[in-house]
Structures are given as C-alpha cells and as structure tokens.
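Please read the structure below before turning to the comments.
Every chain is numbered from 1, with letters handed out A, B, ... down the list of sequences.
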Amino acid sequence: MKGRYDYKNVEPKWQQSWEDTQLYKSEVINAPKYYVLEMFPYPSGNLHMGHVRNYSLGDVFARYKRMEGYNVLHPMGWDSFGLPAENAAIKHGIHPNSWTWDNIANMRKQFKMLGLSYDWDREVATCHPDYYKWTQWLFLELYKKGLAYKQKANVNWCPSCQTVLANEQVVNGECERCDSEVIDKDLEQWFFKITDYAEELLNDHKLLKNWPDRVKTMQNNWIGRSEGAQIKFKIKDSDEQIEVFTTRPDTIFGATYMVLAPEHPLVKKLVVGTDKEEEVMSFIAKMKEQDEEERTGSDAEKLGVDTGIKAINPLTDEEIPVMIANYVLMGYGTGAIMAVPAHDQRDFEFAKKYDLEIKVVVQGEKELKGADLTEAYTEKGKVVNSDFLNGLSFKEAFTKIVAHLEAEGIGKKEVNYRLRDWLISRQRYWGTPIPMIYCDDCGVVPVPEKDLPVELPTNVKFTGQGQSPLANVEEFVNTTCPKCGKAAKREVDTMDTFVDSSWYYMRYTCPELADKIVDKDRANYWMNVDQYIGGIEHAILHLLYARFFMKFMSDQGLVDYKEPFDNLLTQGMVLLDGAKMSKSKGNIVDPMEILENHGADVARLFILFAAPPERDLDWSDEGVEGAERFLNRVWRLVSEHINDLKVATGDYSLNNKLEKELHRQLHVAIRSVTVDVAERQQFNTAISSIMELVNAAYKYLNEIDSEEVNYSLYREVVETVILLLAPFAPHMTEELWSELGYQESVHLQSWPEYDEEATKKDEITIVVQVNGKVRDKVEVAADIDPEELKRIVKEQDKVQEYLEGKTIIKEIVVPKRLVNIVVK
RNA sequence: GCCGAGGUGGCGGAAUAGGCAGACGCACCGGACUUAAAAUCCGGUGGGAUUUAACUCCCGUGUCGGUUCGAGUCCGACCCUCGGUACCA
C-alpha cells in the first residue's frame, strides 16, 4: 500500500467503478425516500468554485442519507436555454445548439471528476425538445385556465440584451444580467398571472419551516401585501372617475388634493383641449426623461403640476385640485392617489412645496394644527374633523368608512399587492418557443397538444437586433391555423428561461416519460424535494416562480403537494481575498487546477471545512494544503498498519485507560458528526469532529506500547473514521475500505451508530469557582453525590485559601460541570 | 429610512439548555527523525503583570448599562459591518 493518497489513480478508478455498477441509480421502491437537489447550472462550459461548493454540499446530504438507509434521488441536469449561447453565436458564429451541447459535454465530464453521486440516467436539459415540449404544454395549460395572457403594457426593455424583462429581473433600474439601464417600452407581451397566487404564496410560507427567514422575508416584501380600500372620486364636469387605492381610508376627510402618475391614461383624456394642455404635456415629457434613480430614489425631488381639473371629495363634497406628480407611480396600485398631506409624509412635502391645503383629521397626543406641522403625523390615532368618524380609532373608522363607501357604491375594501404578473416573452432565439398561432380569422389560437413540441428551427441568422430572430425564419413563422386551416403566423417570441427552471424538479421524477409530463404516482413518491441547495441570489426570482408553478401543477392534479422544496439551504459565496471571484477582475481559482494538483476529495473537503455552508467562504491555498494533510493523515492510519488491520477483525475488550478513552472518543465522534450532518447542517464542525477522532487514534498509537496495540479496537476506530468521512471524501474512503478487504462499496454501508453509555466518562473534571471565578478543578467520579462533591471541594487547599475568614452564603452545584461557592 | 443577518485570537471559525471562552484547522515558534532538505511525528501558541522558572494573579467575545451565584449566550440603549428593499399610497 502506498504511503500517500494517490488521488491521480484512485479517483478515476472509483468514478469508473461507480458508473459501471450504477451505484447511484434510483428507482421507486417500497422504502422511505429522500430527494436531494441542487439548483441545476447554466452550462457555461466550465465549473467554477461556486458550483463546487453547491454540489459538494448536496453530495454530502445524498451520501449521508443513503447510508442512513433512505432511497435517495439525486439528479443533475442543465438550465441550458439562455442568452450566452446566443451571444456566442453572434460573436463567434457558432450555433447556440452546438455551443450548448459542447458545453454540457464538458461540464458533465467535470462533474464526474468531482465524484458526485448523481443518477445520470435522469439527466435533463431544458433546451432539449423532449423537455421543452412539456414547458410548452404547461404554457397551454396555463392559457386554458386564463393564467397566461397577452397584453399591451409598459414593459422593461434591456437595450443590451435586446429583449424585455420581468420586474424581478430589473434591479435598481438596471438589467439583472448585464447591468444596462432598462428603458420603458409599450409592447404586447405574454404574461403569467402569478398575482392570482399572491395570497397562497404568502400564506404557504408557514409550510416552509426550514427555509431561512430572510428568504421568506424577501419574498414577503416582494409580494408586498397591503390592506386598504379602493375609492372612486368624481371629476367635476366630466363622466370620468379617478380610482385610488389607500391604506388609510380613515383619513379621507383630510384628502385635500389628488395626484395622478404622469403615465396615467386619464391624464390625456382630461387635459387635452384645456388651456393647461401644453403645460401639463411638457411636464410629462420632462418626467419621462428622468431616469429611474432620479425619479424614484429616496431623496428624489417631488415635482408636480396642476391640471386645472377638480375632483370631488365624496365625503366633504369639496372641490379638490387634481395634480400630476412624479412621486406617484403607475406601477403600483391604481397609479393615482388621494393625498392627505397632514398624515402622509410625501403628500406633506408636496403640499408644502405647491402650497396645497393641509387638513388635520387624526389627532395625536398633542393637538395638531395644519399650519404648524413640520412633518406629517402618520400614526394611527383618533379621528377628528371627520363628521361621523369623529372620535373613532383607526380600526373603527376603517370599518365604518368602508361600509359607508360600499353603501354609496363608490368604494370597497381591497387588498393590494406589489407583485405584478410575470412577463415571460423574450425577443430572443435560444429559448422555449411560445406555442401560439395568430390567425386573421380566428385570432390567437393555441398550438394543439398533439403538435407539440413547437421546435426551434436551426437555420437562423443572428443579428442581435430588435426582434426575435425567429421572425425572419419563414418556414417557422408561416403555418396554418389549427382551427380553420388557413395560413397563419406563429408567435416568434420565446419564453423567459426562468419558466424552464420552474418545474424541472418534477421532471426528474420521470425524465424519460414520452406521453405525459409526469406520472402522478412516481411524482408523488419522490416529491417534495427534501433538501434544496443553491445561492441566495434566487431568493425571489427562481424560488418564487418555482413555488408558483408547483401550486399550479398541484391545482392541475399533476401532484398532490403544494410546495416544491421542504428544506432550503442557501450557500454563501466563494471569495478570493474577500472579493467575489469574477472573470473580468481576473481573481479566479479554477476548480480544474485544484483537481489536477490536489484531487477531488481535497477540494471537496477544504470547501466544506473552511466555513459553515450559509456563510461566505474565503479561498485559502494554505487551507487546501491543510485538507490534503488531513486526508493523508487518515490514509496513514490504514497504510502504516495495514497488515495488522487485515487480520484484526474480532471482538475486543478495553484493557486499560488508553483504550477506554479511545473507545469513548469513538462514540463521541459518531454522535457529533451525526448531529452536525443530520440536524445542524454544519459540515465544518462535522469534519472537525472526525479530525478529533483521528487525533485520538494517533495519540493512542503514540502512548501505548507498540506490542500491546489492541488492533481489533483500532480497526473499529479506523473503519468508523472511514465511514464518517465517506460523504465528504468519497474516493479515498472507498479505496481505504477496499484495502481493508471489503468487496462492497463503502457508500452502501450503514452509517455508524453510537452508544450513549459509551460516550460517558467514569471520572470527570469539576470546575470549582469561588464567587463565580475559577479557582480550582477536581477530578471526581461521574456519578458523585452532590453533598459529597461539596465536601471534597471545600477540602481543597486552594479553595480553603479563598474561604478563610469568609462566610459561605450559597453553594451551587451544576451536575457534571461545576461547583460555585458564594462567600462574603 | 425600513427589514434581516452579523461583530469572538495574527487568520478561517467553535462554544447544541445561562456553567472552564477560543474546539478543529491555518499561520507561527520549539523539539524529534535526516548528512541535509522535503515529508512526517511530538509539543507550544488570546493579551498583560510578576518570576530564573514553576506557581500565581489581572484583563478579555463591538460600546455602555442591567438581570444572575455565574453572561459570548438573556434584557435595555447605542456604535459599526454586510445583505435586501426603498416616494408602495
């Protein structure tokens, strides 16, 4: 046996063996299942360290659960539609199809080099027609239910990606992918009605007990539920009405003006032809020039203009001015507000600036006067100056005014959400075609299910300009109407790739199925995903969309569950010198280089040991060497004693203190590692516990007479180290296991069990404190009587010193830990 | 501003129910092995005071205060860092 772990030969050998014996193949059997899933990657062509971390974490769960006796599903696939493929085509003239499949082949090879325990028979790729056929099928199901619809809307357009984006993909007014500034466009686009599920998406967070709170909070904020009322205001000398949403209908008597967003459709209707037309239109033009930051930044200046139009406050019957202002956004609520400057800070600032009436209708502790206010009083106090609401609390006033509005037919209670419908059209080629046809006679007609998939044509020119490249492919565009058979045209936009990844976890349960998206029995057996692992950057995007799809699929009867991911682990980033690794900055550590120089087990062990999973991890070459040193230390535990180990298979007794202590540490280690992996998901401390056991083994070998080594005990320790380490360093442990003479894979063995009794010490150290300060320590029997312990403690010389001349007030005994004597 | 997470040695990090702060690893220092080096093994390593040394003592988990026999852990106020979000009516 070699003196060092020879990863270059050992790792490929076992990777081949695992593949040959189909070790990680999973099937539905009559046994408890465990579905572990990591977010599948975009096939950029090469692994990066974030991948290594993500997939190493998942592999530990998969291997551990398998050893625990679960029937484990651990699949892998490719989120393989997307812009980079198309950009490569534009730049290098390589077809996205071949570019993507080449990348997949290369990355699959790299994944295998990491020794990850995937059932590769279940591999899916979202760009494969066998997969996107079902993405299209889901689109049609959504369409049938009215949850997919086409509408002209003011949408986000990324000039660099040359496509529209969903709200979730716009960050601070910039494209989430390329950081270009996003501009507004009025376009007719396809939407998914995720807002229908807003309430459920919010409520079902309570089912997700093991999701990080911050992810749930981010989703809560994104969905942005608020309770209030919708109220209609009449306009003087017009049949039109202004509809507003407010969370403070209790303050309606204080509504002294109204504001429309510059984009509000009523603006043109009302203003055109009046003497204010020019002034208003030039103001609106100016507002449109403001970029996102200027308009919506926290300290953006409030700008407005009077339309000259008057609305009627339905409660006071007073005429109030209708303003247009930049601080009211078309994208939230109705795009119009009733302004209550005394009780809303924004309205207050605006009213001060444009000299509008401020009328107090909520009383605070001190009497408030409109003229004296320096800021709005936004508390929910007692209502005043409000006729029949006077004297009521917020809650009472809310109920009463809403009842009044409903009775009058001018308003109602309403729940408003910040969440918008999901815009899924993309003016790009490399995505799932939207299966819709436009017929002059029949209108919008869905592609019949039997005609799916609508395949992407391959003979496409990439210009990167303006509209979907599919628009220029005549054979694709021109088709016949499924209804009337006349010439018709296909939809040329493709779907947002987040649609593809919203349901892939379901397809893994039946990846080969040709006539159905999933088989319900199989889906019900494997779902939900028990453990999902991925980056926090998907807290809103992917994780919200996937939850939406799961709920829809559940409502369609495809599966009996409502949430896709029971447990979520969001792993931290891999940093180099405190900064995110990035190609453009050139601060990259290439996983392939680490595999070449240290092997997969070292890479995995380092990355799992260096930090707890959720936290960011700073790359350290010294740390990698430390991991390598440790693995070789384990290796030598076997290699240096291989002959004795091979014959030492019998029972043993514990002959002396050293052996008792080693045996105790063995069981302590099993307990710690089990708890850390299974309950706490703290792999760094799990590994440190294995290190402690290895150190204990060395200590034993060092301290015992070399003739007297108890090899049967020692063998059990070594075997346990191997088993505990197997999920972390699968190749080396497999090799060592076979060196010990076993034929069957270490990854098919049972997880070691510990004996609680064996973890206990006969003699324990008790800390002795006087007035809370440690003054001495005593060795006593573990089961000592507390009174006896107190007596022994007080006999100690050092303790006596501190007790001399003092009176004992109190004696505290914490069993197995300490004694504290309080004196005065 | 609001919401969330966090602040512990030279560094990454541990302390699971309020009970020895600093597990494990890195780095560093010393020793063994070696002609030598590498590798490996053994030992030391929070700061300070005193001491030849041992012993011993004091301080120490962002700051200040509180609860408690006892606080990294609980409570209150504050400071800082990171993440999310931001005219959301």
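- Pair assignment for rG1(B) gives rU85(B), based on Watson-Crick or G-U wobble hydrogen-bonding distances that are each under 3.5 Å.
- rU67(B) is unpaired under the criterion used here, namely a Watson-Crick or G-U wobble arrangement in which both key atom distances are under 3.5 Å.
- Rounded to an integer number of Å, the gap from CZ of R775(A) to C1' of rU56(B) is 10 Å.
- The interatomic distance linking H598(A) (NE2) with rC26(B) (P) rounds to 14 Å, in whole Å.
- Between rC88(B) and R248(A), no contact under 4.0 Å exists linking OP1 or OP2 to a side-chain N or O.
- Between K699(A) and E661(A) no salt bridge is recorded (no basic side-chain N to carboxylate O distance below 4.0 Å).
- One finds no side-chain N or O of K580(A) lying less than 4.0 angstrom from the OP1 or OP2 phosphate oxygen of rC82(B).
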Residues E801(A), K798(A); criterion salt bridge (charged side-chain N to carboxylate O under 4.0 Å, His left out); working and verdict: CA-CA 5 Å; E801(A) 266 179 55; K798(A) 277 190 210 157; over 6 Å; no
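- Relative to the side chain of I812(A), the nucleotides rC57(B), rC69(B), rC42(B) differ in distance, and rC69(B) lies closest.
- The nucleotide rC28(B) finds its pairing partner in rG44(B), both defining distances of the Watson-Crick or G-U wobble pair being shorter than 3.5 Å.
- With a 4.5 Å cut-off on side-chain heavy atoms, Q665(A) and N695(A) do not count as touching.
- Between the CD atom of E622(A) and the P atom of rC26(B) there is a distance of 10 Å, given to the nearest Å.
- Listed candidates were rU16(B), rA21(B), rA89(B). Nearest to the side chain of V675(A) is rU16(B).
- Closest to the side chain of R418(A), from the set rC88(B), rC42(B), rC57(B), is rC88(B).
- Minimum atom distance to the side chain of L329(A) is reached by rA89(B), of the listed rC41(B), rA89(B), rG4(B).
- Between Y327(A) and rA86(B) there is no side-chain N or O to OP1 or OP2 distance below 4.0 Å.
- When the nearest nucleotides of RNA chain B are assigned to V822(A) and A336(A) by heavy-atom distance, the more 5′-ward of the two goes with V822(A).
- Taking only side-chain nitrogens and oxygens, R346(A) comes nearer than 4.0 Å to OP1 or OP2 of rC88(B).
- The nucleotide rU34(B) finds no pairing partner, because no Watson-Crick or G-U wobble arrangement with both distances shorter than 3.5 Å includes it.
- When Watson-Crick and G-U wobble pairs are counted only if both distances are under 3.5 Å, rA14(B) pairs with no nucleotide at all.
- The side chain of K810(A) has rC69(B) as its nearest neighbour among rC69(B), rC42(B), rC24(B).
- The side chain of T246(A) has rA89(B) as its nearest neighbour among rA89(B), rG19(B), rC24(B).
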Review item, nucleotides 13-15 of chain B N/O atoms under 3.5 Å of protein N/O:
unit_1	atom_1	unit_2	atom_2	d
rG13(B)	O3'	N684(A)	ND2	3.4
rA14(B)	OP1	N684(A)	ND2	3.3
rA14(B)	OP2	R615(A)	NH2	3.0
rA15(B)	OP1	R680(A)	NH1	3.1
rA15(B)	OP1	R680(A)	NH2	2.7

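- Here R629(A) reaches the OP1 or OP2 of rC26(B): one of its side-chain N or O atoms lies under 4.0 Å away.
- Within the structure, every side-chain polar atom (N or O) of K302(A) is placed at least 4.0 Å from both OP1 and OP2 of rC87(B).
- OP1 or OP2 of rU56(B) sits under 4.0 Å from a side-chain N or O of K798(A).
- Picking from rC41(B), rA23(B), rG19(B) the nucleotide with the shortest atom distance to the side chain of S688(A) gives rA23(B).
- For rG4(B), the OP1/OP2 oxygens have no side-chain nitrogen or oxygen of N220(A) closer than 4.0 Å.
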